[in-house]
Number of protein chains: 2
Amino acid sequence: MKLTSGKTAPEVCAARESYVENVSVELLESFLRQLSHDVRNDLNAMELLISYVECERSGGDVGSALMQLHDAVRYGAQRMLRVSRSVQVPDLDYIPYPADILYEDLRDRVALERPQLAARIVWGRCELKTIAPVDATLALEALTELLENAAAFSSCESPVQIGVEACEAGVRWRILQHALDCPSNLEQWGLLPLVSTRRSHYGLGLFRVRRIIRAHQATLGFKYDAGGKKLATEVVFSSAP
Amino acid sequence: MKLTSGKTAPEVCAARESYVENVSVELLESFLRQLSHDVRNDLNAMELLISYVECERSGGDVGSALMQLHDAVRYGAQRMLRVSRSVQVPDLDYIPYPADILYEDLRDRVALERPQLAARIVWGRCELKTIAPVDATLALEALTELLENAAAFSSCESPVQIGVEACEAGVRWRILQHALDCPSNLEQWGLLPLVSTRRSHYGLGLFRVRRIIRAHQATLGFKYDAGGKKLATEVVFSSAP
């Protein structure tokens, strides 16, 4: 693969995140309790629909109930797929990706798949041609999740800015958001899976982002300006991973 | 609570098992992959049944398909309930339980709920009146699971023997089985959850037994006689937990 820069990037190596290999049984417990609760909730809803179909047979709104059943099955399958994918170490399929193209692809993807998120984002103009080899699917997934995260954790429907710049190691992506508060230990944020489990959320989003970034030998960092209430999320993809 | 013996039981304390607090992300991964696969398999089967009902409506064997759908929902809910219960630390509700009564109750329970298992077990005569306070539901569950385990891991449909005797600490339950082989590190068997994940099995059975036994401040031990190919599983419930 042809790279634009043959430099090694010492700061990338130094900053490479330590990797959590273990999950406490307590976290596993609360996660499984929540997951079990959510799946059984879905199943209860299906049970009601099945009973409805059973009572009405060809009358009533059976057609709509059957469509809802199909949806419930699809929804349940997606939930489980998301959960199992979150903890899988992805195999990367690198392609050399100029930053400006990845930027455009990210914008298109968010506009298409997450219109509500797209409305919150302030896109700049990106003309950076620096190439960082990435797995396109996974890099886009990670950046989208970081944007989603920024939108979810910023206050008052405030805008989320995204920009890209060249840096010594390669390409730095920066997401800027308004944040009244943020986790006390930002360096550890999302390192541990299954923290902050709640209905249909299992603390796996940022954990997966970290795994994708780690697989890329890229870095993820957060910088909080408590005075200005600004949180910056930075990802550096190396030109020479 | 009145106890039959005021003795402390030093060997119980000494043997009290060390407790695994962490699960590796790798084990979590393979577990979630399997669980996700199993749940989606169930959902696929439901999808086919829903499509069948949709096509046939009032004709065909719709009644039977709907019954199968109910069963599938129940089965899926039970799976998730079992999974989440496996890792929950139970709150104990102690009652003073004479050994002979617990022995009879165990026999009745296995005969009623697990007839196939019951057919493998050689019950002796138990007249031991020693009282060990236990949570009846959980103690019966743990002993049943150990019998199930012994039957599953013994060869040639060989019989499984169970007996009870008094010991210094309280009451010792011993399950004897034929075993051509057994895990190399018997002391660690089942300590770690999510090991040996396979279709619809997540390595949680013995793990839960250990948690129940730990909550009772009881002990669990395995002794293997490689010459005679006999494996003994011993549980000691203290008379003074």
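In what follows, every chain begins at residue 1, and chains take the letters A, B, ... in the order their sequences are listed. Computed from a predicted model, the values in this text were never measured in an experiment. All values below were derived from every heavy atom in this structure, side-chain atoms included, with hydrogens, water molecules and symmetry-related copies excluded.
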Original post:
Would you call the rings of B:W189 and B:F222 parallel, tilted or perpendicular if under 30° counts as parallel and over 60° as perpendicular?
Top reply: tilted
Original post:
Which bit of A:R33 comes within less than 4.5 Å of chain B, counting heavy atoms only: side chain, backbone, both or neither?
Top reply: both
**OP:** Could you look at A:L27 and say if it's the side chain, the backbone, both or neither that has a heavy atom under 4.5 Å from chain B?
**Re:** neither
Output side-chain donor-acceptor pairs under 3.5 Å for residues 47-55 of chain B, partner residues at least two apart or in another chain, one line each.
from, atom 1, to, atom 2, distance (Å)
B:E47, OE1, A:H70, ND1, 3.4
B:E47, OE2, A:H70, ND1, 2.8
B:S51, OG, B:E47, O, 3.1
B:Y52, OH, B:D61, N, 3.0
B:E54, OE1, A:H70, NE2, 2.6

Original post:
Side chain, backbone, both or neither: which part of B:V73 has a non-hydrogen atom closer than 4.5 Å to chain A?
Top reply: both
Original post:
For B:E187, does the CD atom sit with more than 12 other heavy atoms under 6.0 Å from it, leaving out its own atoms?
Top reply: no
Subject >> Side chain / backbone / both / neither for A:V83 at chain B, heavy atoms under 4.5 Å >> reply: both
**OP:** For a salt bridge (charged side-chain N to carboxylate O under 4.0 Å, His left out) with B:E141, tell me which candidate from B:R82, B:R109, B:R85, B:R114 qualifies.
**Re:** B:R85
**OP:** Quick one: which of A:L35, A:L43, A:L28 has the most heavy-atom pairs under 4.5 Å with chain B, could you say?
**Re:** A:L43
Original post:
Checking A:Q177 side chain against A:A150 main chain: does a donor-acceptor pair fall under 3.5 Å?
Top reply: yes
